[in-house]
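Encoded as structure tokens, the structure appears first; notes follow it.
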Amino acid sequence: MASAVLEATDAKAAAQAFIDSAPGLWIGGQDVPAIAGARRDVIEPATGKVVCMVAEGTAHDVDRAVSAARAAFESPEWRRMKPLARERLLHRLADLIERDADILARIEATDTGKILPAARHGDVVIALDSLRYTAGWTTKIEGTTINPSFSYIPDVTFSSRTVREPVGVVGQIIPWNFPLVMAIWKIAPAMAAGCTVVLKPAEDTPLSALYLARLAAEAGIPAGVLNIVTGGREVGVALVEHADVDKIAFTGSTAAGQDIQRRAAGTMKRLSLELGGKSPVVVLPDCPVPMAVEGAAGAIFFNHGQVCTAGSRLLIHRSLYAQVVEGLAAAANGMTLGAPADAQAQMGPLISARQRDRVNGYVEGALAQGARLAAGGFAPEGDGFFYRPTVIADATPEMTIFREEVFGPVVIALPFDTEEEALRLANDTCFGLGASVWTGDLHAANRFAAGLKAGNVWINAHNILDPAVPFGGWKMSGYGHELGHSAIDLYTEVKSVTMPVL
Ligand code: NAD
């Protein structure tokens with residue numbers, strides 16, 4: 001499978017042709033330049049070289065995109081379209097993603113640095129599954145019927161019902177770690193609910209969303225339903241503050257989420273926020289060492305650690321601590337780094353030089369505060385933004401690296417002696433996104449599942465997500481669950497309708 005992706009020369013040429021086309025903004029079903037005419041470099045993380053330029057939007061472009069989205073929302077061709085017809089359009093989009101899966105994987109790998117097999121068999125498949133699953137909700141958005149009393153109106157019997165209506169024009173702002181997946185997680189439930197969208201991809205990774213917009217047009221999704229405005233923070237801020245945007249769905253850092261929450265207060269628009277994490281991985285004493293090592297490595301090194309649920313705090317029972325740290329360090333040292341098309345590569349580069357330097361800063365800070373380097377801890381010589389997978393032992397809760405999100409391939413390890421201590425350490429964070437416990441003891445697993453303060457708990461697994469399973473954060477990891485039925489709730493408003501019946 002993997003080699004088929006590496007050898008798909010047609011897809012390679014098609015992806016390159018798209019990148020070379022230096023796409024503009026996508027507004028009202030058309031590729032348009034930014035009003036101010038500015039463009040921004042798109043840099044390939046594996047080489048550090050500019051691969052193309054894309055349009056750099058501003059608040060004026062956001063105005064234009066919101067107008068297009070509003071017109072599409074008010075038109076009879078989308079919101080009032082028969083649900084089955086809208087579902088069919090979303091499936092048609094999924095068919096086109098399937099057709100162009102190799103092209104999309106190459107675009108994504110160029111833009112993010114992911115190795116090609118991961119982009120093709122991870123990102124594209126996850127995006128497809130999510131779109132197909134969510135398409136099915138289009139026909140299943142339901143309300144309730146209620147027999148109210150209205151006891152202060154004694155002589156009349158009333159009936160009430162609730163309906164769920166699309167929230168309206170939605171601004172969606174996404175990060176760079178899973179650009180295609182994040183785009184689908186956002187646009188699919190919004191469109192299923194009958195909303196229209198202005199999506200802002202991350203400044204570092206604009207390409208797959210722009211390709212997706214073209215597929216949406218080809219699928220027959222009406223112009224203006226999906227608009228893409230590329231650009232930086234200014235575009236995000238303009239969306240958040242726009243008076244004609246009804247809701248913001250944001251995935252990104254907690255700091256940006258806080259800023260969005262403050263700015264959205266002015267218009268009271270609906271918000272859902274998927275933010276940062278500092279997720280614990282807890283290894284109980286009965287866990288076999290090889291299972292703990294493999295689980296911990298997958299939890300932190302998947303997608304180069306650039307995962308909001310990355311298992312970045314490894315809590316190991318003292319009886320296994322030395323063996324697990326040693327095994328994980330060996331696994332880290334054995335990993336081959338390389339460019340997306342390198343058949344030997346197991347891990348690609350980080351997204352940018354800035355991110356690599358930030359990650360290295362956290363590692364140096366931890367060592368300065370007394371932690372021990374067990375593996376990695378440096379950027380290898382050469383082009384691209386590579387950083388060696390890193391294991392830091394003997395960390396303590398007082399260290400900055402215990403508290404703050406690194407968002408790179410860096411795990412800290414701490415020993416614990418009792419279950420109570422492990423649970424206290426696991427919950428000793430302002431975040432509450434993911435957590436895993438590794439054990440064969442069913443009762444202990446259930447005690448941890450009940451005690452962990454996080455929106456997503458795994459037992460003997462980590463970072464596995466499915467479109468049917470709600471995903472979201474507690475505490476400073478945000479609010480509002482994507483995926484599953486919950487995703488539809490994020491894009492609909494409840495309306496009650498009451499009438500006398502007798
Ligand atoms: P970021 O917050 O810097 O940027 C995310 C997006 O928001 C970008 O498109 C950016 O341009 C935009 N943005 C930044 N500041 C903004 C503001 N004040 N108003 C409006 N838009 C703004 O995050 P990042 O560095 O791109 O991504 C990494 C972060 O995202 C990490 O903290 C990670 O945990 C988080 N993340 C969370 C999830 C989740 O589901 N919880 C998933 C992926 C990433």
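Throughout, numbering of the chain's residues begins at 1 and tracks the sequence. Just so you know, ligand 1 is whichever comes first in the structure, and atom 1 is the first atom listed for that ligand.
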**Prompt:** Is it true that E56 and R39 have a side-chain N and a carboxylate O under 4.0 angstrom from each other?
**Reply:** no
**Request:** Could you check atom 14 (C) of ligand 1 against the protein and tell me its nearest heavy-atom contact, residue, atom and distance included?
**Result:** A256 CB, 4.0 Å
**Asked** Does atom CD of E294 have more than 12 heavy-atom neighbours from other groups under 6.0 Å away?
**Response** no
**Item:** Within-4.5 Å side-chain heavy-atom neighbours: V124 and I97
**Value:** yes
**Item:** Option with minimal heavy-atom separation from atom 42 (C) of ligand 1, where the choices are P201, C308, P175, A264
**Value:** C308
**Item:** For atom 24 (P) of ligand 1, the protein heavy atom that lies nearest, with its residue and separation
**Value:** W176 NE1, 3.4 Å
**Message:** Among all protein heavy atoms in this structure, tell me which lies nearest to atom 35 (C) of ligand 1, with the distance rounded to 0.1 Å.
**Reply:** G252 O, 3.1 Å
**Message:** More than 12 heavy atoms of other residues, nucleotides or ligands under 6.0 Å from NE2 of H485: yes or no?
**Reply:** yes
**Message:** When you measure from atom 18 (N) of ligand 1 to the protein, is at least one non-hydrogen atom found at a distance under 4.0 Å?
**Reply:** yes
**Asked** Which atoms from ligand 1 have a heavy atom of F407 less than 4.0 Å away?
**Response** 28 (C), 31 (C), 33 (C), 34 (O), 44 (C)
**Message:** With side-chain contact (heavy atoms from CB on, under 4.5 Å) as the test, pick out the partner of P409 among N303, V307, L337, L350.
**Reply:** L350
**Request:** State whether the number of non-hydrogen atoms from other residues, nucleotides or ligands found under 6.0 Å of K475 atom NZ is greater than 12.
**Result:** yes
**Message:** Using heavy atoms and a 4.0 Å limit, tell me yes or no: is G473 in contact with ligand 1?
**Reply:** no
**Fill in**
Of A238, G257, S253, G276, the one whose closest heavy atom lies nearest atom 3 (O) of ligand 1 is S253
**Message:** Taking 4.0 Å as the limit for heavy-atom contacts, which would you say applies to I260 with ligand 1: side chain only, backbone only, both, or neither?
**Reply:** side chain
**Request:** Name the closest protein heavy atom to atom 20 (C) of ligand 1, giving the residue it belongs to and the distance to 0.1 Å.
**Result:** G236 C, 3.4 Å
Under 3.5 Å donor-acceptor pairs involving side-chain atoms of residues 228-238, not counting sequence neighbours:
residue	atom	partner	partner atom	Å
T230	OG1	A55	O	2.6
R233	NH2	D259	OD2	3.4

**Item:** side-chain hydrogen bond (donor to acceptor under 3.5 Å, both in side chains) evaluation trace for E405 with Y362
**Value:** CA-CA 9 Å; E405 185 179 41; Y362 274 112; over 6 Å; no
**Item:** Ion pair check, K269 and D246, cut-off under 4.0 Å
**Value:** no
**Asked** For ligand 1, is F178 a contact, meaning one of its heavy atoms is under 4.0 Å away?
**Response** no
**Request:** Report yes if some N/O of N177 lies less than 3.5 Å from some N/O of ligand 1; otherwise report no.
**Result:** no
**Item:** Residue part near ligand 1, for I174, under 4.0 Å between non-hydrogen atoms
**Value:** backbone
**Message:** For ligand 1 and E405, I'd like to know whether there is a polar contact (N/O to N/O, distance under 3.5 Å).
**Reply:** yes
**For ligand 1, the portion of D259 having any non-hydrogen atom under 4.0 Å away** = side chain
**Per-atom contacts, ligand 1 versus I173 - under 4.0 Å to a heavy atom** = 6 (C), 7 (O), 9 (O), 12 (C), 20 (C), 21 (N)
**Message:** Which residue and atom name correspond to the protein heavy atom nearest atom 22 (C) of ligand 1, and how close is it?
**Reply:** R233 CG, 4.2 Å
**Message:** Give the atom numbers and elements of ligand 1 that come within less than 4.0 Å of a heavy atom of L275.
**Reply:** 34 (O), 37 (C), 38 (C), 39 (C), 41 (N)
**Any N/O pair K200/ligand 1 closer than 3.5 Å** = yes
**Complete:** Closest to atom 10 (C) of ligand 1 by heavy-atom distance, out of R263, E203, M182, is E203
**Validation row: I459, W438 side chains within 4.5 angstrom (heavy atoms)** = no
**Fill in**
Within 4.0 Å of some non-hydrogen atom of L433, the atoms of ligand 1 are 41 (N)
**T251 neighbourhood, listing ligand 1 atoms whose heavy-atom distance to it stays under 4.0 Å** = 5 (C), 36 (N), 37 (C), 38 (C), 39 (C), 40 (O), 42 (C), 43 (C), 44 (C)
**Message:** Is it the case that the side chain of H304 and the backbone of Q306 share a donor-acceptor pair, with hydrogens and angles ignored and the cut-off at 3.5 Å?
**Reply:** no
**Prompt:** Would you call I43 and S352 a side-chain contact if the rule is heavy atoms closer than 4.5 Å?
**Reply:** no
**Message:** Salt bridge or not between D357 and R354? Use side-chain N to carboxylate O under 4.0 Å.
**Reply:** no
